[in-house]
Amino acid sequence: MSATKKPLHVTITGAGGQIGYQLIFRIASGQLLGPDQPVVLRLLEIEPAMKALQGTVMELDDCAFPLLSDIVTTTDANVAFKDCSWALLVGAFPRKQGMERKDLLQTNGKIFGPQGRAIAAHAAKDIRVCVVGNPANTNCMIARLSAPEVPPERFFAMTRLDENRAKAQLAKKAGVAVKDVTNMTIWGNHSATQFPDAWNARIGGKPAHQVIGDEAWLRETFIPTVQQRGAKVIEARGASSAGSAANALIDMVNSIRAKTPGDDWTSLAVPSRGEYGVPEGLQFGYPVRCDGNGGYKIVEGLKLDAFAQEKLKATAKELEEERDAVKQFLGA
Ligand code: NAD
Ligand code: LMR
């Protein structure tokens, strides 16, 4: 019962931005941590966005959410991450049309070292960190390496939006419901080098590539569509995805909290320990099964043909280049 559970603290950085606005109400209504789990929202922003954030807080009050125990707004990361069990690192600048996400490295990379240190100093013992701000994988690696006191497997970068996009594209092509598409892996970086793997995915339990039966479409249409979907949304909206990004983050947290059903898996960018030949320490998108107690295992032994192996190499190489480009922020 909600009256008996202790509230959990959820920190949202960049809470005054577009994803923040899509996220906050859903979390306060129980969609992140469940319908019987009270939450304290800890909202971090930079000074220029504080006024808009106060407006959002007024709206939160006006919703009278029964699960919302308290709201803290602050510009101080040490306050924002106090007692926090879930740190949702959204606050970072979005790319504009014509940019790649890695063009944001120098602007956004410097945000994540101090936040990693504040998490290590103030968060709750069960802290989990989910990074959305782009370039998400490398920002997540910066936060993780800046918080050596926190176990590395508590840090996740978001590839769930790509997973959802890939499932939607395959379902449309196959003429099936999205729920029939399972075992979708987004290998590597949340970028244009990611590899959405239709060869290990399944549709109605069968290999997705066999059900689709059109290798040319998979290679020349499906992969680039998923890789470029964020850019297409920016082109159409004049702003980067927000509703779908917030939705993916809620899906991601729910997947980490729950036991992965049956023989399915989900895509999470987690620290590589060399699985599938990926250099150790990169924050890499893998197929992952969660155990329902906050732990997870990377699914090993999947078949990757020469085409897939090339794709994995390319996305790992890009992540190595990103790591080299942010050396000044690592553990600083
Ligand atoms: P936005 O510009 O609307 O909001 C970002 C907010 O972050 C702003 O309110 C800004 O004031 C705040 N901010 C900036 N620096 C901060 C700091 N140091 N501490 C706290 N807050 C800070 O952008 P948005 O559309 O909400 O997107 C946020 C980020 O998420 C962008 O980097 C975007 O590219 C990324 N994104 C990632 C995915 C993904 O799938 N991983 C999907 C969509 C967007
Ligand atoms: C997305 O994939 O929609 C986000 O990463 C935003 C972007 O820059 O594409």
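For ligands, and for the atoms within them, numbers begin at 1 and follow the listed sequence. Scope of the values below: all heavy atoms of this structure, side chains included, with no hydrogens, waters or symmetry mates.
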N134 and ligand 1 - part of the residue with a heavy-atom distance under 4.0 Å:
both
Is it the case that the side chain of D180 and the backbone of I203 share a donor-acceptor pair, with hydrogens and angles ignored and the cut-off at 3.5 Å?
no
Those atoms of ligand 1 less than 4.0 Å from some heavy atom in S240:
25 (O)
So if I count the atoms of ligand 1 from 1 in the order they appear, which ones are less than 4.0 Å from some heavy atom of L161?
40 (O), 42 (C)
So the atoms of ligand 1 within less than 4.0 Å of a heavy atom of Q115 turn out to be 19 (N)
Need the ligand 2 atom indices (1-based, order shown) with element for anything under 4.0 Å from a heavy-atom of S240.
6 (C)
Identify the residue among E100, E318, R101 that makes a side-chain hydrogen bond (donor to acceptor under 3.5 Å, both in side chains) with S191.
E318
Atom indices of ligand 1 within 4.0 angstrom of G16 heavy atoms, with elements:
9 (O)
Tell me which protein heavy atom sits closest to atom 39 (C) of ligand 1, plus the residue, atom name and distance to 0.1 Å.
H190 NE2, 3.2 Å
Would you kindly specify which portion of I19 sits under 4.0 Å from ligand 1, judged on non-hydrogen atoms: side chain, backbone, both or neither?
both
re atom 41 (N) of ligand 1, the protein heavy-atom contact at minimum distance is V132 O, 3.2 Å
Best match, N139, N137, I111, D162: closest heavy atom to atom 18 (N) of ligand 1:
I111
Atoms of ligand 2, numbered as shown, that sit under 4.0 Å from any heavy atom of R101
1 (C), 2 (O), 4 (C), 5 (O), 7 (C), 8 (O), 9 (O)
Cation-pi check, R219 onto F307 ring (under 6.0 Å, within 45° of axis):
yes
If you have a sec, work out which protein heavy atom is nearest atom 23 (O) of ligand 1 and how many Å separate them, to one decimal?
P94 CG, 3.5 Å
Under-4.0 Å heavy-atom contact with ligand 2, by part of D162 that carries it
neither
Does V233 have a non-hydrogen atom less than 4.0 Å from ligand 2?
no
For atom 13 (N) of ligand 1, what is the nearest protein heavy atom, given as residue, atom name and distance?
E45 OE1, 3.9 Å
Going by the atom numbers of ligand 1, which of them fall below 4.0 Å from some non-hydrogen atom of A49?
11 (O)
What is the closest protein heavy atom to atom 14 (C) of ligand 1, and at what distance does it sit?
F93 CZ, 3.7 Å
So how far is it from T74 OG1 to K82 NZ, rounded to the nearest 0.5 Å?
12.5 Å
Proximity of M158 to ligand 1 by residue part, where a heavy atom lies under 4.0 Å:
both
When only distance counts, is Q18 in polar contact with ligand 1, meaning an N/O pair under 3.5 Å?
yes
Is it true that a side-chain atom of E275 and a backbone atom of R273 form a donor plus acceptor pair closer than 3.5 Å?
yes
Counting each atom of ligand 1 from 1 as listed, which ones have a heavy atom of A245 under 4.0 Å away?
42 (C), 43 (C)
State whether the side chain of S267 and the backbone N or O of I186 hold a donor-acceptor pair below 3.5 Å, judged by distance alone.
yes
Under 4.0 Å, heavy atoms only, figure out whether ligand 1 is touched by the backbone of R101, its side chain, both or neither.
neither
May I ask you to decide if D264's main-chain N or O and R289's side chain share a donor-acceptor pair within less than 3.5 Å?
yes
Among all the protein's non-hydrogen atoms, which is closest to atom 4 (O) of ligand 1, and how far away is it?
G17 CA, 3.2 Å
Measure the acute angle between the ring planes of W199 and H209, then classify it against the limits of 30° and 60° as parallel, tilted or perpendicular.
tilted
What are the atoms of ligand 1, with element, lying closer than 4.0 Å to any heavy atom of A92?
5 (C), 7 (O), 28 (C), 29 (C), 31 (C), 32 (O)
Run the numbers for me: atoms of ligand 2, each under 4.0 Å from some heavy atom of G230, listed by number.
1 (C), 2 (O), 3 (O), 9 (O)
Any chance the side chains of S272 and E280 put a donor and an acceptor closer than 3.5 Å?
no
To which protein heavy atom is atom 16 (C) of ligand 1 closest, and what is the distance rounded to 0.1 Å?
I46 CG2, 3.6 Å
Co-membership, hydrophobic cluster, residues M252 and L23, 4.5 Å side-chain
yes
Among all protein heavy atoms, pick the one closest to atom 20 (C) of ligand 1 and tell me residue, atom and distance.
G14 N, 3.8 Å
Please give me the minimum heavy-atom distance between F93 and L104, naming the atom from each residue.
O-CD1, 3.3 Å
Rounded to the nearest 0.5 angstrom, the CG-OG1 distance for L312 and T185 is 9.5 Å
Is it true that a side-chain atom of Q283 and a backbone atom of F155 form a donor plus acceptor pair closer than 3.5 Å?
yes
Which heavy-atom pair separates Q37 from L33 by the least distance, and what is that distance?
CB-O, 3.4 Å
Within reach of ligand 1, part of S241 (heavy-atom separation under 4.0 Å)
both
Closer than 3.5 angstrom, by distance alone: can the side chain of N200 be matched with the main-chain N or O of K303 as a donor-acceptor pair?
yes
Among protein heavy atoms, which lies nearest atom 9 (O) of ligand 2, and at what distance?
R95 NH2, 2.7 Å
Looking only at distance, does R165 have an N or O less than 3.5 Å from an N or O of ligand 2?
yes
Are the aromatic rings of Y276 and F284 close, with centres under 6.0 Å apart?
no
Where do L44 and A77 come nearest, in terms of heavy atoms and distance?
CD1-N, 3.8 Å
Give the residue and atom name of whichever protein heavy atom lies nearest to atom 5 (O) of ligand 2, and the separation in Å to one decimal.
H190 NE2, 2.6 Å
